[in-house]
Amino acid sequence: MSASSSALPIIRGDALDFYLALGYYRMQQELFTCHFVPFDGRLYTAHWLRLTMSRIAWGPEQRRLLRRNARFSAAVRPFRLTEEYEELYTRYRAAITFDAAPTIEAVLLGGEAHNVFNTYAIELRDGDRLIAVGIFDHGERTLAGILNFYDPAYRQFSLGKYLLLLKTDHARRLRLDYYYPGYVVHNYPKFDYKLFACPAATEVYDSVSGLWVPYSRETVAAQSAELLADWLPEDLRGMA
């Protein structure tokens, strides 16, 4: 860590880059990693992703979504927790079908007063109306997507996928090396939207070898089988 101009600690950009490359990710004010995640009483394997910016190319679906949503204005700003954000998140959370933290504060800060990450937000507006927010952390050569939420009334515009494209494009414009959108879960498709931007530019972390390899469903299936066979404690195998 180093000291900021306000003498409060921040995580250096190169340090964030280093840990992201090892399959770590942000949880509140800490960095963590995991190999297994529980859903509906079962354990699944988690597989961390990154996009290589030099290989990004939009396909027909991505170009169609970008054209469709070009009517909305997008602005990138340093993150500030506001009532407007929390109100939108509350409406978003009430409409989703999976578990989520009760507030943005709980996702990012967890009761801490100071944010140690270099955090930004993409605000998406329809006129003056805030309709979506995508939150991400900046490293030195990387960007890590943390949270997307949107107005349920705009569900038909696929704003979660659209924010993924906007974050990818922001990282590309800054000539960063990688964008880390989080993880996918083997045989649990709710996280597969993170593959939408450009599957051909997507890599998946092999936690056994410590290497990033080109993404494919077959690669994830093989990684999952190895994790379940060799890394899952015996007393938990009945949950897999």
Side-chain angles (χ1 to χ4, degrees), residues 11 14-56 59 61 96-101 106-108 110 117 135-137 139 141-148 160-161 164 167-168 171 176-240:
I11 291 178
D14 59 341
L16 181 60
D17 295 351
F18 174 79
Y19 283 104
L20 289 172
L22 294 178
Y24 280 72
Y25 202 67
R26 174 185 181 168
M27 178 182 282
Q28 297 177 343
Q29 292 297 285
E30 298 179 347
L31 290 165
F32 83 107
T33 192
C34 67
H35 308 297
F36 305 98
V37 288
F39 295 110
D40 306 320
R42 285 190 57 195
L43 281 178
Y44 297 82
T45 52
H47 304 268
W48 301 93
L49 303 175
R50 74 181 182 186
L51 284 86
T52 303
M53 291 300 98
S54 61
R55 295 170 53 203
I56 293 292
E61 285 186 277
I96 59 179
T97 58
F98 53 89
D99 289 337
V107 175
L108 299 181
F117 293 89
I135 297 172
F136 59 93
D137 292 331
R141 301 296 312 156
T142 63
L143 184 153
I146 306 301
L147 178 66
N148 293 333
K161 288 182 176 179
L164 188 74
K167 289 179 183 179
T168 303
L176 301 181
D177 295 330
Y178 300 108
Y179 164 40
Y180 293 81
Y183 59 67
V184 292
V185 178
H186 181 54
N187 282 339
Y188 197 83
K190 283 192 176 182
F191 295 87
D192 286 357
Y193 73 91
K194 296 172 186 175
L195 299 164
F196 177 72
C198 185
T202 301
E203 297 179 327
V204 60
Y205 187 64
D206 184 342
S207 13
V208 176
S209 69
L211 300 174
W212 290 90
V213 296
Y215 170 83
S216 72
R217 293 188 184 277
E218 294 75 17
T219 296
V220 167
Q223 289 181 0
S224 178
E226 187 169 15
L227 288 169
L228 290 170
D230 298 339
W231 290 42
L232 186 64
E234 195 165 329
D235 58 331
L236 295 177
R237 290 186 179 176
M239 295 179 62

Taking all atoms of both residues into account, what is the closest heavy-atom pair of Tyr44 and His186, and its distance? CD2-O, 3.4 Å
So, taking the atom named CG in Leu176 and the one named OG1 in Thr52, what distance separates them when rounded to the nearest 0.5 Å? 12.5 Å
Roughly how far apart are Leu211 CG and Asp206 CG, rounded to 0.5 Å? 6.5 Å
Show your reasoning for whether side chain to side chain contact (heavy atoms under 4.5 Å, CB included) applies to His47 and Tyr215. CA-CA 10 Å; His47 304 268; Tyr215 170 83; over 6 Å; no
To the nearest 0.5 Å, what is the distance between OH (Tyr205) and CG (Leu22)? 5.0 Å
For Phe196 and Pro199, the nearest pair of non-hydrogen atoms, with its separation, is O-CD, 4.2 Å
Please assess Leu108 against Arg26 for the test side chain to side chain contact (heavy atoms under 4.5 Å, CB included), listing each intermediate value before the final yes or no. CA-CA 8 Å; Leu108 299 181; Arg26 174 185 181 168; 3.6 Å; yes
Take Phe36 and Leu228, measure what side chain to side chain contact (heavy atoms under 4.5 Å, CB included) needs, and give me the verdict at the end. CA-CA 9 Å; Phe36 305 98; Leu228 290 170; 4.0 Å; yes
Distance col, row Asn187:CG vs Thr45:OG1, nearest 0.5 angstrom, shows 7.5 Å
When the ring planes of Trp48 and Tyr183 are compared, do they come out parallel, tilted or perpendicular, using 30° and 60° as the limits? perpendicular
Parallel, tilted or perpendicular: which fits the ring planes of Phe39 and Phe191, with parallel below 30° and perpendicular above 60°? tilted
One pair to check against side chain to side chain contact (heavy atoms under 4.5 Å, CB included): Met53 and Leu51. What are the steps and the verdict? CA-CA 6 Å; Met53 291 300 98; Leu51 284 86; 3.7 Å; yes
Within 45° of the axis and under 6.0 Å from the centre of the six-membered ring of Phe136, does NZ or CZ of Lys167 qualify? no
For Leu20 and Trp212, which heavy atoms make the closest approach, and how far apart are they? O-CZ2, 3.6 Å
For a quick test of reading the model, state the closest non-hydrogen atom pair linking Gly23 to Thr33 and the distance between them. O-OG1, 2.6 Å
Any donor and acceptor pair, going by atom type alone, linking the side chain of Arg217 with main-chain N or O of Thr219 inside 3.5 Å? no
Distance, nearest 0.5 Å, that separates CG of Leu31 from OH of Tyr19: 8.0 Å
Between Ala106 and Ala101 the two heavy atoms that sit nearest each other are CB-CB, 4.1 Å
Closest approach of Thr168 and Ala197, non-hydrogen atoms and distance? OG1-CB, 3.8 Å
Tell me, with the steps shown, if Asp177 and Arg50 meet salt bridge (Lys or Arg N to Asp or Glu O under 4.0 Å). CA-CA 10 Å; Asp177 295 330; Arg50 74 181 182 186; over 6 Å; no
In this structure, OG of Ser207 is separated from CD of Glu226 (nearest 0.5 Å) by 8.5 Å
